[in-house]
Amino acid sequence: MSAAVDTLPDMLARLKLTAMRDRLDGLLDEAARGDLSLRETLALLCRAEVSHREERRIQMATSIAKFPHQRTLEGFDYSAQPSLDPRQVRDLATCRWVANGDALLIQGPPGVGKSHLAIALGREAVRHGYSVLFTPATALVTMLVQGHAEGKLEQRLAQLAKPKLLIVDEFGYLPFEPAAAHLLFQLVSRRYERGSILITSNRAVGDWGTVLGDEVVATAILDRLMHHSHVLTIRGDSYRLREKRRSGLLKATPAPASAGAS
Ligand code: ADP
Ligand code: MG
């Protein structure tokens with residue numbers, strides 16, 4: 001079909017402006033109702049296309065990131081974690097640290113919202129246009145160990161070096177096998193000053209040698225991670241237990257004997 005006889009929807013489809021094509025009548029009605037000028041009408045049409053593409057990009061990047069749950073910063077209750085400074089989290093939500101390739105360590109006991117914040121900050125990074133990959137620490141190590149055994153370590157390292165932000169969740173919940181420390185060191189070196197790593201852990205940095213089973217390699221890994229880094233430390237109660245206590249399923253923790261009666 002020649003361009004001369006193409007209808008407007010046909011031409012929009014050929015130009016791959018599908019949101020404009022699909023919403024053409026509604027948008028033109030809206031422009032007429034609002035008495036928009038030609039330029040304003042064109043802007044209205046373009047805005048529809050641009051926001052549709054942005055939505056699709058975010059959907060695609062979110063599915064590539066493999067977040068295990070949907071968690072948002074809006075859904076985080078700061079009043080439950082007074083040890084956390086909301087300003088620090090808001091600052092991290094700007095994703096400047098991701099742009100700079102910095103590391104972020106979120107540490108604290110189980111149930112205090114480490115994974116929640118990791119996912120929520122990962123989502124912010126996606127919104128800001130960065131590629132993200134979320135992986136539990138054990139799965140990451142398995143992937144590296146298997147890659148190594150199959151002679152595909154290089155391929156795995158390249159794959160894991162690609163996303164601008166790599167989120168490693170639950171570092172330290174399980175001890176790693178002996179080969180893991182060196183493989184993790186290779187990964188951290190590969191990503192060093194190129195991409196960001198976000199690690200959540202229930203273990204203090206001083207325990208990483210024990211977790212990795214190798215003090216020297218743990219120090220070398222920390223040296224690279226901590227060079228440009230941010231740390232969020234959450235102290236306090238598990239959110240789940242707190243909710244249960246509130247609903248009466250669990251008894252409140254008894255106050256220490258030295259505490260006043262008030
Ligand atoms: P952690 O990773 O520190 O063990 P999670 O992030 O998995 O803890 O939190 C456990 C559950 O409690 C999750 O469903 C999480 O969304 C929720 N949660 C934890 N802290 C908060 C909070 N401050 N506000 C809202 N939900 C929270
Ligand atoms: Mg967790």
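As the structure lists them, so they are numbered: ligands from 1, and atoms in each ligand from 1.
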J.: Run the numbers on Leu140 and Thr142 for side-chain contact (heavy atoms from CB on, under 4.5 Å), then give the verdict.
T.: CA-CA 5 Å; Leu140 175 75; Thr142 303; over 6 Å; no
J.: Hey, is ligand 1 close enough to Val112 that some N/O pair sits below 3.5 Å?
T.: yes
J.: Below 3.5 Å, N or O to N or O, backbone or side chain included: is there any such pair between Gly113 and ligand 1?
T.: yes
J.: Within a distance under 4.0 Å of any heavy atom of Gly75, pick out the atoms of ligand 1 and give their elements.
T.: 24 (N), 25 (C)
J.: For atom 23 (N) of ligand 1, which of Thr200, Asp77, Asn202 has the closest heavy atom?
T.: Asp77
J.: Within the 4.0 Å heavy-atom shell around Tyr173, which atoms of ligand 1 are there?
T.: 4 (O)
J.: Hey, is Gly108 one of the residues with a heavy atom under 4.0 angstrom from ligand 1?
T.: no
J.: Taking atom CZ as the centre, does Arg190 end up with more than 12 heavy-atom neighbours from other residues, nucleotides or ligands that are less than 6.0 angstrom away?
T.: yes
J.: Considering residues, nucleotides and ligands other than Arg56, do more than 12 of their heavy atoms fall under 6.0 Å from its CZ?
T.: no
J.: How close does the nearest protein non-hydrogen atom get to atom 15 (C) of ligand 1, and which residue and atom is it?
T.: His116 ND1, 3.4 Å
J.: Considering only the protein, which heavy-atom contact is closest to atom 4 (O) of ligand 1, and what is its distance?
T.: Gly111 N, 2.7 Å
J.: Show me which atoms of ligand 1 lie under 4.0 Å from any heavy atom of Pro110.
T.: 4 (O)
J.: Looking only at protein heavy atoms, which one is nearest to atom 19 (C) of ligand 1, and how far off is it?
T.: Tyr239 CB, 3.2 Å
J.: Output yes when the distance from some N or O of ligand 1 to some N or O of Tyr78 is under 3.5 Å, and no in every other case.
T.: no
J.: For His148, I'd like to know if atom NE2 has over 12 heavy atoms of other residues, nucleotides or ligands within 6.0 Å.
T.: no
J.: Flag the pair Arg96 and Asp91 as a salt bridge only when some basic side-chain nitrogen lies within less than 4.0 angstrom of an acidic carboxylate oxygen.
T.: yes
J.: Could you check atom 11 (C) of ligand 1 against the protein and tell me its nearest heavy-atom contact, residue, atom and distance included?
T.: Arg240 NE, 3.9 Å
J.: Quick check: does Ser115 have an N/O/S atom under 2.8 Å of the Mg ion (ligand 2)?
T.: yes
J.: Quick one: are the ring centres of Tyr192 and Phe185 less than 6.0 Å apart?
T.: no
J.: Are more than 12 heavy atoms from other residues, nucleotides or ligands located less than 6.0 Å from atom CD of Glu150?
T.: yes
J.: Taking atom CE as the centre, does Met226 end up with more than 12 heavy-atom neighbours from other residues, nucleotides or ligands that are less than 6.0 angstrom away?
T.: yes
J.: Please determine whether a side-chain nitrogen of the Lys or Arg among Glu30 and Arg33 lies less than 4.0 Å from a carboxylate oxygen of the Asp or Glu.
T.: no
J.: Between ligand 1 and Arg71, is the shortest N or O to N or O distance under 3.5 Å?
T.: yes
